[in-house]
Amino acid sequence: MLDTVLRPVTLPSHLLGGPSPCDFFDARGTLLLRAGATLRPSAGSGSRPLFCPARHANRISPINPLAGLDGVTSRLAALVQRVEEGASDLVGGFVPLAEAVLSLWETDADACIGYARLAGQDRPSVVQVVRAALFAAEMGTANGMGREDLLAVVGAALTMNLGSMALHDAMAALGGRPDYETRARLQGHPERAAELLADGEGIPPAWREAVLNSHENVDGSGYPQGLARTGISLGGRILRVADILAARLAGRRRRNPQHWILHQTRDLPRLTQHVFGPDLGRVDQTLARMLMGRLGAFPPGTLVRLAQGEVAVVSRRSPSAGMAPREVLALTGPQGRPLASPRPRPISPREGRILGYAHDAQSRLTVTDWRQLWGYLQ
């Protein structure tokens, strides 16, 4: 498998000018350079990422963004608990966590998004904000944000529920509707989070404003201030879209994850309407379409059923516009038996087709380490 799974790598300077240690590909899987050919200095620069077989990647670029994401999630959970216990002098500690999440997303966005969707074993409230932060990075980048603004919106996503994480954990496990007191606490939580961030060293006003606006709706129906349209900061509008999508994909005890239906995802407007449902009229629709346009109908981490009967996972999205993913890995055989290791499958009208989504199959899968799907090992 490690010969067929490709990973993005950053070339170290000492390799430039020498023979290539392996084949290199672009994001579409097209061969750019064969092993042994001279690595010109230009190969290590530019915006086009280089990919190589995973078995060579550790020797070239040992960065493991998925291990890093596990570390960030654990540190975030610990820091949230300390701050909510009253340690106000630690609030500035969220800044390096935001920097880490943004850096990991920049290293391998597909792997981070897919892994965060499949391997969320921590507190539901923590997993939720990490997923939302990754989606916020997608929208902020598509919006042309500079790095300072990107960092603020990613950090705001990580901290938008600060002070009420236990409440959000309880909501995830709630079987019925919240009572009046719980609803009141929910409506006050953006202000509570902004208050906790007020004295945090290195936290800019745009970060706090995005947190305060994170539950405002463009139609004026949100809280706590009932702002509308451009009265809501761009960061707040990004957080609202990111939070709703993260919640749709996770589900709760009283609400299953959003099961996408193939015939409703054939084009971007229909896909966006299906995923966001009634909430589409309450959020910034430009941002919602922007996010779904980047993720497509098959975001990384999506489980699908193939025409040959296999259950597979989408590991990488297509780098161009379109609904078909670039890379799909089969996890089970046609009879539902787990494969010894994931196997790449071509997706095309002639070679293989996706029949539908397989969201319900995750609880029956026996994958011991989801990181292997992107070529990152222990």
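What you see is a predicted model; the values in this text were computed from it and never measured. In this chain, residues are counted from 1 in sequence order.
For residues 202-237, the ring pair (Phe, Tyr, Trp, His ring centres under 6.0 Å) pairs, not counting sequence neighbours, are His189-His215, His215-Tyr223. Residue pairs meeting the side-chain hydrogen bond (donor to acceptor under 3.5 Å, both in side chains) criterion with at least one partner in residues 84-105, sequence neighbours excluded, are Gln81-Glu85, Trp105-Glu138. Sorted by first and then second residue, the salt bridge (Lys or Arg N to Asp or Glu O under 4.0 Å) pairs with a member in residues 213-223 form an empty list; sequence neighbours excluded. The salt bridge (Lys or Arg N to Asp or Glu O under 4.0 Å) contacts involving residues 189-200 comprise nothing, where partners must be two or more places apart or lie in separate chains.
Between Ile347 and Leu306, some side-chain heavy-atom pair lies under the 4.5 Å cut-off. Residues Leu245 and Leu295 form a side-chain contact, since some pair of their non-hydrogen atoms from C-beta on lies under 4.5 Å apart. The shortest distance between side-chain heavy atoms of Leu280 and Val283 falls below 4.5 Å. With contacts defined as side-chain heavy-atom distances shorter than 4.5 Å, the pair Leu212/Gln225 qualifies. Considering only heavy atoms from C-beta on, Arg123 comes within 4.5 Å of Met165 through its side chain. Under the 4.5 Å side-chain criterion, counting only non-hydrogen atoms from C-beta, Arg364 is not in contact with Gln362.
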Determine, stepwise, if the pair Val313 / Val304 fulfils side chain to side chain contact (heavy atoms under 4.5 Å, CB included). CA-CA 6 Å; Val313 64; Val304 294; over 6 Å; no
Evaluation steps, side chain to side chain contact (heavy atoms under 4.5 Å, CB included), between Leu303 and His359: CA-CA 6 Å; Leu303 295 173; His359 312 275; 5.9 Å; no
Passes side chain to side chain donor-acceptor pair (under 3.5 Å), Tyr115 versus Asp70? Steps please. CA-CA 10 Å; Tyr115 181 64; Asp70 283 336; 2.8 Å; yes
Mind running side chain to side chain contact (heavy atoms under 4.5 Å, CB included) on Leu373 and Leu331 for me, showing each step along the way? CA-CA 10 Å; Leu373 301 180; Leu331 302 176; 3.9 Å; yes
Could you go through Asp243 and Gln128, starting from their C-alpha distance and side-chain angles, then the distance that decides it, and tell me whether this counts as side chain to side chain donor-acceptor pair (under 3.5 Å)? CA-CA 8 Å; Asp243 191 36; Gln128 169 84 0; 2.8 Å; yes
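Side chain of Asp279 to main chain of Arg282: no donor-acceptor pair is present (N/O by atom type, distance under 3.5 Å, no hydrogens or angles). Asp26 places a side-chain N or O within 3.5 Å of a backbone atom of Thr30 that can act as its donor or acceptor partner. Distance alone, capped at 3.5 Å, places no donor-acceptor pair between the Asn143 side chain and the Met145 backbone. Side-chain atoms of Thr332 come within 3.5 Å of backbone atoms of Val311 as a donor-acceptor pair (strictly under, hydrogens ignored). Side chain of Arg82 to backbone of Ala87: no donor-acceptor contact under 3.5 angstrom is found. One N or O on the side chain of Ser20 and one on the backbone of Cys22 form a donor-acceptor pair closer than 3.5 Å. Of the possible donor and acceptor atoms, none in the side chain of Thr159 sits under 3.5 Å from a partner among the backbone N and O of Leu162. Side-chain atoms of Ser221 do not come within 3.5 Å of backbone N or O of Asn217 as any donor-acceptor pair. Counting only distance, with no hydrogens or angles, the side chain of Arg7 and the backbone of Pro53 share no donor-acceptor pair below 3.5 Å. Formation of a donor-acceptor pair under 3.5 Å by the Thr141 side chain with backbone atoms of Ala137 is found in this model.
Pro342 approaches Leu329 most closely through the heavy-atom pair CB-CB, 4.1 Å. Contact detail for Leu104 and Leu69: the closest heavy-atom pair is CD1-N, 3.5 Å. The shortest heavy-atom contact between Val5 and Gly375 is CG1-N, 3.7 Å. In this structure, Val314 and Pro325 approach most closely via the heavy-atom pair CG1-CB, 3.5 Å. Across all their heavy atoms, Pro21 and Leu39 have their closest contact at CD-CD1, 4.0 Å. Nearest heavy-atom pair across Arg131 and Ala246 is CB-CB, 4.0 Å.
Stacking of Arg248 on the aromatic ring of Phe135 is not recorded, the 6.0 Å distance cut-off and the 45° axial limit not both being met.
Side-chain rings of Tyr357 and Phe298 approach one another, their centers coming within less than 6.0 Å.
Here Asp110 pairs with Arg317 in a salt bridge; the nearest charged N to carboxylate O distance falls below 4.0 Å.
Inspection of the Arg237 and Asn213 side chains reveals no N or O donor paired with an N or O acceptor under 3.5 Å.
Every residue meeting the salt bridge (Lys or Arg N to Asp or Glu O under 4.0 Å) condition with Asp108, not counting sequence neighbours, appears here in chain and number order: Arg316. Considering only residues two or more places apart in sequence or on other chains, Arg59 meets the side-chain hydrogen bond (donor to acceptor under 3.5 Å, both in side chains) condition with His56.
Leu102 and Leu97 fall within a single hydrophobic cluster, where Ile, Leu, Val, Met, Phe, Trp and Tyr side chains are chained together by heavy-atom contacts under 4.5 Å.
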